[in-house]
Amino acid sequence: MRPVLEVEIAGLKLKNPIVTASGTFGFGLEYEPFVNLAALGGVVLKSVTLNPRQGNPPPRITETPAGMLNSIGLQNPGVTEVVEHFLPELKRRRVKVIASVAGETAEEYELVAGRLAQAGVDAIEINLSCPNVSRGGMAFGSDMEAVRSVTGRVRAVSGGLPVFAKLGVLGKDVVETARTAAAAGADGVSLINTLPGLAVDPKSRRPVLGNVTGGLSGPAIKPVALWAVWRVYKELGLPIIGMGGVTSIQDVLEFIMCGATAVAVGTGNFVNPRLTMELAGGLDQALSLEGVQDIKELIGAAHLGSER
Amino acid sequence: MRPVLEVEIAGLKLKNPIVTASGTFGFGLEYEPFVNLAALGGVVLKSVTLNPRQGNPPPRITETPAGMLNSIGLQNPGVTEVVEHFLPELKRRRVKVIASVAGETAEEYELVAGRLAQAGVDAIEINLSCPNVSRGGMAFGSDMEAVRSVTGRVRAVSGGLPVFAKLGVLGKDVVETARTAAAAGADGVSLINTLPGLAVDPKSRRPVLGNVTGGLSGPAIKPVALWAVWRVYKELGLPIIGMGGVTSIQDVLEFIMCGATAVAVGTGNFVNPRLTMELAGGLDQALSLEGVQDIKELIGAAHLGSER
Amino acid sequence: MIYDVEIVTQRKVATDCYRLDIYAPEVAAAAQPGQFLMVKTSFTLDPLLRRPLSINTVDRTRGLVKILYRVVGRGTSLMAGKKLGRRLSILGPLGNGFTVPSKGNFVVVAGGLGIAPLFFLVQRLRALGNEVAVFYGAQNRFQLLLIEELNNLRVNLFTATNNGSSGHKGTVVDLLRVQGIPPAEIVYAAGPPPMLRALSGLFREAGVPRAEITLEERMGCGVGACRGCAVRIAGEEGPVYKRVCADGPVFRAEEVIWE
Amino acid sequence: MIYDVEIVTQRKVATDCYRLDIYAPEVAAAAQPGQFLMVKTSFTLDPLLRRPLSINTVDRTRGLVKILYRVVGRGTSLMAGKKLGRRLSILGPLGNGFTVPSKGNFVVVAGGLGIAPLFFLVQRLRALGNEVAVFYGAQNRFQLLLIEELNNLRVNLFTATNNGSSGHKGTVVDLLRVQGIPPAEIVYAAGPPPMLRALSGLFREAGVPRAEITLEERMGCGVGACRGCAVRIAGEEGPVYKRVCADGPVFRAEEVIWE
Ligand SMILES: Cc1cc2nc3c(=O)[nH]c(=O)nc-3n(C[C@H](O)[C@H](O)[C@H](O)COP(=O)(O)OP(=O)(O)OC[C@H]3O[C@@H](n4cnc5c(N)ncnc54)[C@H](O)[C@@H]3O)c2cc1C
Ligand SMILES: Cc1cc2nc3c(=O)[nH]c(=O)nc-3n(C[C@H](O)[C@H](O)[C@H](O)COP(=O)(O)OP(=O)(O)OC[C@H]3O[C@@H](n4cnc5c(N)ncnc54)[C@H](O)[C@@H]3O)c2cc1C
Ligand SMILES: Cc1cc2nc3c(=O)[nH]c(=O)nc-3n(C[C@H](O)[C@H](O)[C@H](O)COP(=O)(O)O)c2cc1C
Ligand SMILES: Cc1cc2nc3c(=O)[nH]c(=O)nc-3n(C[C@H](O)[C@H](O)[C@H](O)COP(=O)(O)O)c2cc1C
Ligand code: FES
Ligand code: FES
């Protein structure tokens with residue numbers, strides 16, 4: 001008997017727990033030469049703002065030990081283009097779509113989320129790591145008042161759709177941020193966004209990235225991501241989309257055992273563009289080998305024996 | 001002409017910027033088969049508490065991508081043994097000694113620092129990442145009141161010695177923590193302590209570490225460490241001992257260009273036990289190649305051209 | 001698009017420069033001049049990302065794809081250490097190549113490793129019977145690669161070296177300034193950014209009808225998804241960031257905004 | 001103590017098991033049975049840490065050090081892929097070895113790869129002319145390694161395999177229970193923790209005068225500095241954590257506190 005891979009997270013049914021991490025998979029179509037989108041649990045889109053954004057000056061990417069820094073700066077075509085062009089394409093492919101919402105103000109988040117909800121996405125993810133212009137660029141996610149207002153507004157315009165708050169781990173304790181987001185109406189959380197980072201080119205004696213600082217992702221951050229998932233699951237028991245450095249089935253299982261219901265692949269797509277498909281396909285065998293009949297048995301399994 | 005490698009950090013003269021990271025180099029003597037201690041800028045000792053501590057249950061170490069997790073739990077022989085046994089040995093070797101102080105209460109920090117200062121160490125580093133028992137185990141470093149009181153008390157018993165506050169980057173914004181520590185009397189800061197992390201063994205479905213969570217160190221965290229050094233240098237201009245993932249001369253230069261005056265080697269010692277010596281010895285040539293006459297020219301050099 | 005391939009030959013062609021042949025018949029069949037591969041240089045997690053490398057040429061009958069590269073860092077030095085028989089993961093062919101018209105006169109300007117993508121282009125242009133003038137500059141004559149192969153293609157070859165050990169003493173830009181750009185339907189160029197920038201100015205002054213240059217930028221995905229490989233391009237409504245991997249790597253010289 | 005060495009031979013001796021010879025005359029000269037090396041398996045940053053591996057034996061005249069290991073993860077599989085002539089960074093000899101008395105009767109109990117450090121011990125004990133009985137258990141007869149070498153040393157060899165393909169059918173602990181522990185000044189053991197735990201009980205019951213076992217724990221530094229390799233030991237004032245790398249890896253069976 002083949003193990004059951006279907007999971008339900010905050011009311012959203014996914015055929016398997018494998019989804020993509022926002023910003024690493026474009027709008028899905030870019031990966032069609034490698035991936036049958038319909039075989040994935042779902043696709044999380046690049047964060048979208050109200051108007052098109054050009055993003056940060058290059059260089060935008062640099063490699064670091066077992067990881068990478070990026071400072072894309074939310075380059076995206078704006079919500080109208082996404083609603084009119086990409087969503088209809090994705091719908092035809094019958095893949096679950098989780099749209100990621102970004103903005104410079106709480107109003108912008110609300111407007112973008114409203115447009116996307118109306119356009120028929122399956123869930124909303126709120127990218128709370130954006131700089132808040134009205135607070136001097138401090139990330140929304142480290143200001144509990146901003147978390148509350150953005151989450152509340154997005155919740156209000158998202159109808160019955162599941163809403164996930166995507167959090168980093170710096171600034172405020174992640175459990176407190178998650179609790180605040182949940183209280184303001186988030187159905188679950190996405191953990192974790194990139195860590196802040198910087199690299200210097202010793203030859204030129206300048207920061208490598210055009211934007212000076214960037215976000216650290218990839219296998220390097222996996223232990224931190226697992227720690228965040230573990231704590232939020234243990235303290236709050238919220239539905240979690242876990243991510244950070246996933247490159248193998250073993251990584252997927254680690255996230256699930258820490259408490260994630262779905263697992264997102266980000267930087268791993270760059271290393272192996274077929275990774276999401278291979279993971280979705282390989283879970284079957286991995287679970288059979290371990291005698292697991294339903295992947296849901298494993299969610300949070302590593303907590304058994306620890307005081308919860 | 002050989003480039004000048006001597007640096008002065010918060011009044012402490014080091015013959016070169018290379019020091020060891022607390023907890024990774026024991027009390028120095030363990031590395032004598034590999035390293036001539038007197039050739040280093042200085043040795044930062046394992047964090048010391050008032051009484052001997054046994055530390056956490058094993059396993060205490062696990063490897064992660066380009067990094068490692070540890071949950072040693074401050075195993076140390078207590079301040080008396082350090083003062084009576086290790087310090088006299090180190091003194092005979094004419095190496096600058098920076099003693100790292102830890103505790104469960106502000107009183108304990110004060111007592112330990114006082115004993116070490118009297119015993120003639122060259123500087124004090126306050127390990128603020130310890131769990132504060134009177135605040136339910138929350139790290140001292142993420143509680144500004146605790147940072148103030150611990151730093152102030154240590155400052156008061158340290159006479160004229162330079163005092164460095166060693167900070168992590170979670171909990172509170174590192175600039176704010178550094179500012180608080182400096183206002184309370186710290187002469188400089190050591191950046192960064194490990195990031196929190198966790199690993200799961202999918203076979204046993206349990207966390208790998210006996211203590212469940214641990215501290216992430218090694219090259220994986222280097223970008224985060226550089227980011228912290230960059231920010232504290234830019235915002236506060238404090239003297240900085242930089243560390244996190246140093247394994248090469250290039251890494252040392254990156255830290256210095258971001259604003260560190262001294263650079264500590266931690267996990268890198270495990271990979272290459274001679275690393276500190278090789279770096280101290282190799283700086284000469286690296287600087288000559290670049291036409292640098294005095295390493296002090298490079299401190300913060302990557303900020304030139306950025307608004308400071 | 002993604003293949004696990006075997007290294008058929010690898011040989012050192014100059015100081016730090018290697019030419020690698022891999023067996024990848026699908027790629028050989030599909031590749032166009034100017035396209036590139038994303039190559040995984042290690043099976044561990046460090047180095048993590050793939051490296052973009054141009055398709056230097058293909059041998060369709062033998063199913064081979066050739067790569068010409070210089071060791072500049074960890075990824076390329078790991079590649080240089082791989083012996084024949086070792087496997088490599090490649091992704092490609094990627095990107096939009098050069099325009100290859102079936103008739104006309106063409107000028108190709110290569111600086112250093114810029115010859116890597118341009119050699120394939122020259123081959124194609126010559127195979128179609130076109131006239132091709134190649135201006136090729138390098139540090140010294142040992143760094144002028146594929147000279148014999150270029151001569152076999154019977155192109156008009158002009159070289160420049162910084163130390164004058166072959167051809168004009170100076171850069172290839174100096175050479176073009178001295179000699180003038182021959183009349184051509186399209187001028188193509190590849191090489192280091194300062195050279196391309198100088199050439200773009202020269203092409204504009206000379207009134208070159210169409211100039212195509214190939215750009216490099218650090219890459220994440222290589223397939224157009226991450227927006228990591230941004231380059232500033234003059235758009236109809238002002239400057240926009242385009243993707244080297246998916247919108248390029250070949251761009252028209254006049255649309256690139258040099259920072 | 002730290003050497004860049006060359007691989008002289010590497011051969012597969014059983015499924016997933018390899019024996020590696022490296023040229024390291026200083027280490028060969030200094031090594032004692034029970035000591036280990038910290039081996040760097042990669043020149044990149046992943047895997048990062050060195051791996052502890054026992055000294056299986058040395059050939060002092062030829063300056064060789066031998067390592068017997070099983071591929072269980074990334075580090076060991078990278079090692080297995082290294083061909084002769086490749087270089088390796090090693091640190092050692094490290095730790096405190098077994099007591100090697102010059103006279104007496106001795107019993108050696110090996111489970112699986114536990115034979116790695118014990119083989120060197122048996123050689124030494126026999127070289128001194130001592131009587132040695134070896135009890136050796138493994139999954140099956142193919143996993144019983146170095147049998148010919150042990151026979152050449154003229155020891156009393158008793159084997160056990162889980163499937164009965166050689167010797168007693170069952171574990172080496174079962175075998176010892178059935179056959180009884182021969183009288184000996186010291187009994188030595190190495191193998192998986194559950195076996196060592198069971199043996200420790202057996203030795204206590206049997207009134208063995210002195211039992212030395214070698215322990216494994218994940219290591220950071222390998223030189224006693226980081227306190228990463230803690231093992232709980234009964235101290236005079238209660239349990240204390242000792243370091244496998246510097247206080248061991250050989251401990252007296254009765255002082256180990258099994259968790
Ligand atoms: C479309 C494209 C085609 C290319 N074709 C070739 C080719 O045919 N032959 C060839 O030798 N090289 C080519 N390059 C450049 C090649 O990708 C880099 O030299 C290579 O990625 C360096 O990898 P590394 O790990 O050895 O160096 P790293 O250790 O990653 O870096 C070493 C140094 O190289 C520089 N560098 C790294 N990546 C890039 C990049 N993408 N662009 C510019 N500079 C970089 C950095 O400044 C760094 O200091 C091409 C690049 C692109 C974008
Ligand atoms: C003093 C000492 C001597 C040793 N001698 C030998 C020997 O002679 N031959 C031999 O084959 N092995 C020996 N080992 C075990 C060997 O160190 C591990 O098998 C090796 O480190 C695994 O590395 P890896 O990268 O292949 O596995 P990893 O990918 O690191 O891990 C694979 C699995 O192995 C386990 N593991 C990893 N490291 C250890 C460890 N240090 N102790 C216990 N389990 C571990 C983990 O559970 C993990 O799931 C010795 C260990 C010690 C401490
Ligand atoms: C190039 C790049 C772009 C990203 N863009 C976004 C984004 O637009 N919105 C967002 O919420 N996260 C973004 N992220 C963060 C990822 O979604 C993910 O949280 C992070 O990379 C950790 O996962 P990984 O280690 O698997 O990449 C981006 C990450 C990368 C590498
Ligand atoms: C095994 C181990 C033990 C450590 N113990 C301490 C300690 O006692 N006190 C302290 O302030 N930092 C301790 N640290 C943190 C290091 O001093 C350093 O801040 C961190 O490891 C980052 O540097 P690295 O990446 O070079 O290791 C320890 C780190 C490791 C790996
Ligand atoms: S490298 Fe990702 S879009 Fe070009
Ligand atoms: S491994 Fe560091 S003390 Fe043993």
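Numbers restart at 1 for each chain; the letters A, B, ... are given by sequence-line order, proteins then strands.
Closest non-hydrogen pair, C:V173 versus C:A198, comes out as CG1-CB, 4.1 Å.
Of the two parts of A:P52, neither the backbone nor the side chain holds a non-hydrogen atom closer than 4.5 Å to a non-hydrogen atom of chain C. Only the backbone of A:F25 comes within less than 4.5 Å of a heavy atom in chain C; its side chain stays farther off. Contact of C:L91 with chain A is made through the side chain alone, with heavy-atom distances under 4.5 Å. Contacts between C:M219 and chain A at a heavy-atom distance below 4.5 Å involve the backbone alone (N, CA, C, O).
Between chain C and the options A:G218, A:P57, A:G245, the largest number of non-hydrogen pairs under 4.5 Å is found for A:P57.
How far CD1 of C:I233 is from CZ of C:F251: 4.5 Å, rounded to the nearest 0.5 Å. Note: A:L69 CG to A:L198 CG = 7.5 Å, rounded to the nearest 0.5 Å. Taken from CD1 in C:I67 to CD1 in C:I22, the straight-line distance is 4.5 Å, to the nearest 0.5 Å.
Not counting sequence neighbours, the partners of A:A139 by the side-chain contact (heavy atoms from CB on, under 4.5 Å) test are A:S142. When the side-chain contact (heavy atoms from CB on, under 4.5 Å) test is applied to C:A28, the partners found at least two apart in sequence or on another chain are C:V58, C:V65. A:Y109 pairs by the ring-ring contact (aromatic ring centres under 6.0 Å, His included) definition with A:F140, not counting sequence neighbours.
Residues A:R93 and A:L29 have side chains in contact (heavy-atom distance under 4.5 Å, counting atoms from C-beta outward).
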Can you pull every donor-acceptor pair closer than 3.5 Å across chain A and chain C?
unit_1	atom_1	unit_2	atom_2	d
A:Q54	OE1	C:Y241	N	2.7
A:R60	NH1	C:R227	O	2.7
A:E63	OE1	C:R51	NH2	2.9
A:E63	OE2	C:L48	N	3.0
A:E63	OE2	C:L49	N	2.6
A:E63	OE2	C:R51	NH1	3.0
A:Q75	NE2	C:Y241	O	3.2
A:V271	O	C:R50	NE	2.7
A:V271	O	C:R50	NH2	3.0

